[in-house]
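Since the structure comes first, as C-alpha cells, the remarks are kept for the end.
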Amino acid sequence: MDDLSRLCIHTATTKPWSIEIAVEQFARAGVPGITVWRDAIANRDPKRVGAMIRDAGLSTVSLCRGGFFPALDVDGRKRAIADNLRAIDEAEAIGAPLIVLVCGADPGQPLERSRDQIVEGIRTVAARAREAGVRLAIEPLHPMYADAKSAVNTMQSANDLCDRINEPNVGVAVDVYHIWWDPNAMAEISRCAAAGRLYAFHVCDWRTPTRDFLLDRGLMGDGCIDIPGFRRAVEQGGFDGFIEVEVFSTQYWSMDQSVYLERIIDAYKTHV
Ligand code: ZN
C-alpha cells in the first residue's frame, strides 16, 4: 500500500514536536490527517491552530481526549462534565469533527458503577456536542487500564454503552492496541459498523515484552497485532475514514523525530 491519503498521525506520536512543527512536517511528508492532543494546544487559541492546520492542507481528524467521567463524589463528576464541555468548545473552535473519549474509572468503586457514571456523563454532554457538530467516540481501553483509566475495556462493552446512551453522535473508536487480544473483537466490530457507530480506527503495535504499560507502544510491525486483519474488518463494515497512528513511546520520542516520521510512514505502507 503506497497511498498516504488516509494516513493520520496523532500529535502525541511525535510528542517532542510542537503542534506548529508537527503540522509543517506532516504536510511536507504528505501526511494529510492530524489528531490533536489537547496538551499540544494548551496556551494557544484553538481557532488559530485550526486555521494553521487547514492552511497547511491538513484535516483535523479528532481532538484527543475527553472522558474521565466517573468519580466517587458529585463534585468530581461535575468537574468532569465541565472539562468535557470545554473539550467540545475546543473541538468546535479547532474544527475537529470528533472527540475521542477515554471514559475513566474510579478504583474506589465497582466498574459497573463507573460505567453507569460514564453513561450519565456522555448523555449530559452529547446534545452540546451535537450542536457543535462534534461526534463523541468511546475508545475501549485494554483491561490493564480498568482500574483508573477506563471501565470500558472491550468492543462489546463499548457497543453496549452506545446502545444505552442511544445518541446519534455517540460511537466508538477502534484502537488495535486495546482490543487485539479479544476473541469477540471482530464480531463486535461488525456490530459497531452495522449500527453506524464506527467513528475511528487507531493503529500501533503490541511489543513483546511490553516494558511499560503506558509508554512502550510499538510502531506497526514491531509486535504481534494482526493490523491488516483489523483493517479488513473495519473496512468490511464500511469504514473509509483516516487510519490514525497513535504511538506513545519514550523510546521513539528519544529519536530524531524527522527520521522517526519516515519510519512511521514506512511502517504504515508496509504493515497496515
Ligand atoms: Zn487510540
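For ligands, and for the atoms within them, numbers begin at 1 and follow the listed sequence.
Under 4.0 Å is where a charged nitrogen must lie from a carboxylate oxygen, and between Glu139 and Lys149 no such pair does. Between Arg48 and Asp55, none of the side-chain N atoms (NZ, or NE/NH1/NH2) sits under 4.0 Å from a carboxylate O, so this pair counts as no salt bridge.
Between Trp37 and Phe248, the gap from one ring centroid to the other is short of 6.0 Å.
Under 2.8 Å from the Zn ion (ligand 1) lies no N/O/S atom of Glu244, from backbone or side chain alike. For a distance bound of 2.8 Å, the N, O or S atoms of His202 include one lying that close to the Zn ion (ligand 1).
Here the angle at the Zn ion (ligand 1) defined by OD2 in Asp175 and OE1 in Glu139 stands at 130°, rounded to 10 degrees.
As for Glu246, its N/O/S atom nearest the Zn ion (ligand 1) is the one called OE1.
With hydrogens and angles disregarded, no donor-acceptor distance shorter than 3.5 Å links the side chain of Arg115 to the backbone of Val152.
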